[in-house]
Amino acid sequence: MTPILSISDATKRYNTPDGNVITALDNVSLVVEQNEFVTLLGPSGCGKTTLLRTISGFEDLETGSIQIDGSTVTHLPAHKRPVNTVFQKYALFPHMSISKNVAYSLEVSGVSKSQITTRVGKMLELVGLEGFENRKVNQLSGGQQQRVALARSLIAQPKILLLDEPLSALDKNLRHKMQQELKTLQEEIGIAFVFVTHDQEEALTMSDRIVVLSDGKIQQLGTPEDIYRRPENEFVARFVGEGNLFDGEVTQSTTKGASVTLTTGQKTVVSQSGLKKGDKVKLLARPEDVLIGKSSNTKDITFNGTVDHVNFIGAEYQILAKSKDGTSIKATFRPDVEQRDQIAGVGSDIRLYVPKEALHVITKEKVI
Ligand SMILES: Nc1ncnc2c1ncn2[C@@H]1O[C@H](COP(=O)(O)OP(=O)(O)OP(=O)(O)O)[C@@H](O)[C@H]1O
Ligand SMILES: [Mg+2]
């Protein structure tokens with residue numbers, strides 16, 4: 001099947017007024033399949049909006065090409081591309097009725113009145129706003145306005161919907177609700193969404209695949225599980241989720257994995273293949289993989305220290321512990337009912353360990 005979107009070697013530079021050149025996109029290549037929910041994730045200024053704007057045609061590429069549904073659109077003006085964008089600030093017409101807002105693009109392109117009424121009705125039903133036709137936008141809640149913005153963008157039946165941080169103005173509870181709704185809507189209408197966020201949790205929850213960007217480059221492209229469990233470089237490991245990184249060197253490698261000696265002197269084994277003796281590596285352990293107690297396997301990473309911080313965050317506790325040599329380790333755990341009254345307090349001694357199976361080897365440098 002033809003991918004719905006194919007971006008090849010896209011580069012975009014901006015000249016700033018003070019004479020500098022910013023490379024907002026640096027050789028970006030990306031393929032999005034039909035019906036896929038792909039999220040662009042990265043820190044402020046990494047190029048997310050620029051990438052969306054080059055897809056929609058609001059920005060020209062310096063080099064590279066873009067294909068949508070098999071046709072090259074690289075030099076096509078924005079209004080001729082079969083895509084639509086939902087912006088962070090919904091850009092609705094505040095004094096117009098909901099129906100008028102949603103109908104707008106059909107009206108300007110001369111669709112008949114009866115067609116418009118039918119399609120607006122269907123769209124409002126789809127986003128759960130039937131009965132709101134005659135309300136004005138400024139008489140709606142944030143979540144309802146968001147739905148109007150979605151309906152307005154979807155009514156023209158784009159092949160791809162681009163969404164630039166559409167949920168960031170909403171409070172946490174509403175945001176979670178809208179995340180679910182948006183995902184369900186995407187599955188229902190069956191078109192590809194390219195969604196921008198700098199919120200990693202949002203990206204993990206919603207996406208089929210995530211594109212992690214930094215400095216205009218793709219750092220990693222993969223499923224939420226790939227990105228979280230198997231980050232390819234330190235940037236991705238640190239940007240997505242919390243983690244402990246242990247420096248080490250490969251001392252022996254076999255077809256089944258490798259032995260690694262940490263800078264602390266501890267020896268462990270990892271199951272990743274393809275490592276060579278002498279390789280410098282970082283081992284990632286997520287805080288939920290750090291366990292309390294004494295390990296029974298000599299190849300697990302063990303840690304003796306004192307508790308430096310305890311954060312209670314409802315379902316779980318976060319513990320930051322420090323060892324005598326100054327290294328620190330983060331652990332999160334969910335105590336069962338009996339354990340709840342025995343949480344180690346700040347200053348108390350603690351023994352922690354990471355089962356060797358939980359270690360993930362990071363081998364790549366950041367893509368710079
Ligand atoms: N019109 C412009 N002129 C000059 N530089 C620009 C222009 N638009 C964007 N930039 C720069 O290009 C880089 C990428 O910007 P972009 O808006 O794509 O980032 P972003 O990832 O969307 O960030 P945010 O999360 O803050 O929205 C930034 O360094 C930004 O300052
Ligand atoms: Mg942006």
Side-chain angles (χ1 to χ4, degrees), residues 5 7-30 32 37-66 73-75 77-78 81 83-92 142 145-146 149-150 153 160-172 175 178-179 182 192-207 209-222 224 227 231 233-241 366-368:
L5 172 68
I7 302 170
S8 310
D9 304 321
T11 296
K12 171 77 193 171
R13 292 191 181 84
Y14 290 113
N15 295 313
T16 63
D18 46 9
N20 291 325
V21 179
I22 291 172
T23 307
L25 295 178
D26 194 349
N27 225 23
V28 167
S29 295
L30 170 68
V32 175
F37 195 118
V38 169
T39 297
L40 310 180
L41 173 68
S44 184
C46 71
K48 305 180 294 295
T49 296
T50 305
L51 185 52
L52 275 202
R53 288 174 62 82
T54 60
I55 300 169
S56 59
F58 294 126
E59 296 285 355
D60 284 332
L61 286 179
E62 191 173 308
T63 60
S65 66
I66 300 179
V73 300
T74 319
H75 302 294
R81 300 191 187 191
V83 302
N84 220 328
T85 309
V86 179
F87 298 97
Q88 178 178 1
K89 295 185 183 121
Y90 316 135
L92 298 169
Q145 290 185 25
Q146 177 55 257
L150 276 169
S153 304
I160 308 170
L161 188 67
L162 309 171
L163 305 103
D164 197 350
E165 310 224 22
L167 307 181
S168 59
L170 306 177
D171 70 47
K172 198 169 169 225
R175 193 174 171 141
M178 288 302 295
Q179 286 171 359
L182 207 55
F193 277 26
V194 181
F195 180 89
V196 164
T197 184
H198 57 255
D199 178 337
Q200 34 129 335
E201 228 178 85
E202 189 161 282
L204 292 172
T205 314
M206 302 183 73
S207 322
R209 285 188 306 152
I210 298 173
V211 181
V212 183
L213 281 169
S214 161
D215 300 331
K217 286 199 179 71
I218 294 183
Q219 300 295 326
Q220 189 170 347
L221 175 57
I227 301 288
N233 64 32
E234 192 174 339
F235 175 83
V236 177
R238 289 189 190 278
F239 190 74
V240 183
K366 183 179 169 190
V367 184
I368 342 178

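In listed order, ligands and their atoms are each counted from 1. Predicted, not measured: the structure shown is a model, and the values here were computed from it.
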Check your understanding: ligand 1 and I22, any nitrogen or oxygen pair closer than 3.5 angstrom?
Key -> no
Check your understanding: Any N or O of T16 that comes nearer than 3.5 Å to an N or O of ligand 1?
Key -> no
Review point. Is there side-chain contact between D215 and D26, with heavy atoms separated by less than 4.5 Å?
Key: no
Practice item. Just need the protein heavy atom nearest to atom 2 (C) of ligand 1, so name the residue and atom and give the distance. Key: Y14 CD2, 3.5 Å
**Study point:** Closest approach of any protein heavy atom to atom 26 (O) of ligand 1, naming residue and atom
**Key:** S44 OG, 2.5 Å
Check your understanding: Looking only at heavy atoms, which two atoms of L162 and V83 are closest? And how far apart?
Key -> CD1-CG2, 4.2 Å
Check your understanding: Any non-hydrogen protein atom below 4.0 Å of atom 30 (C) of ligand 1?
Key -> no
Review point. Relative to the heavy atoms of E165, which atoms of ligand 1 are at a distance of less than 4.0 Å?
Key: 25 (O)
**Study point:** Ligand-residue contact atoms, ligand 1 with G47, heavy atoms, under 4.0 Å
**Key:** 14 (C), 18 (O), 19 (O), 20 (P), 21 (O)
Practice item. Consider only side-chain N and O atoms of T16 and D18, and report whether a donor and an acceptor are under 3.5 Å apart. Key: yes
Check your understanding: Taking only heavy atoms of T50, which atoms of ligand 1 are found under 4.0 Å from at least one of them?
Key -> 14 (C), 15 (O), 16 (P), 18 (O)
Review point. Does even one non-hydrogen atom of R53 get within less than 4.0 Å of ligand 1?
Key: no
Check your understanding: If you measure every N/O of N15 against every N/O of ligand 1, is any gap under 3.5 Å?
Key -> no
Revision key, fill the gap. Note: heavy atom closest to atom 19 (O) of ligand 1, options P43, G42, G45, belongs to G45
Review point. More than 12 non-hydrogen atoms from neighbouring residues, nucleotides or ligands closer than 6.0 Å to CD on E62, yes or no?
Key: yes
Revision key, fill the gap. Nearest non-hydrogen protein atom to atom 22 (O) of ligand 1, with distance, is T49 OG1, 2.8 Å
Study note, to complete from the structure: In short, K12 meets T50 closest at the heavy-atom pair CG-CG2, 3.7 Å
**Study point:** the Mg ion (ligand 2) contact by Q88, N, O or S atom under 2.8 Å
**Key:** no
Review point. F195 versus S207: any side-chain heavy-atom pair under 4.5 Å?
Key: no
Practice item. I would like to know whether L25 and T11 meet side chain to side chain contact (heavy atoms under 4.5 Å, CB included); could you show each step before the answer? Key: CA-CA 5 Å; L25 295 178; T11 296; 5.6 Å; no
Practice item. Decide yes or no for L41 and Q200: does some side-chain heavy atom of the first lie under 4.5 Å from some side-chain heavy atom of the second? Key: yes
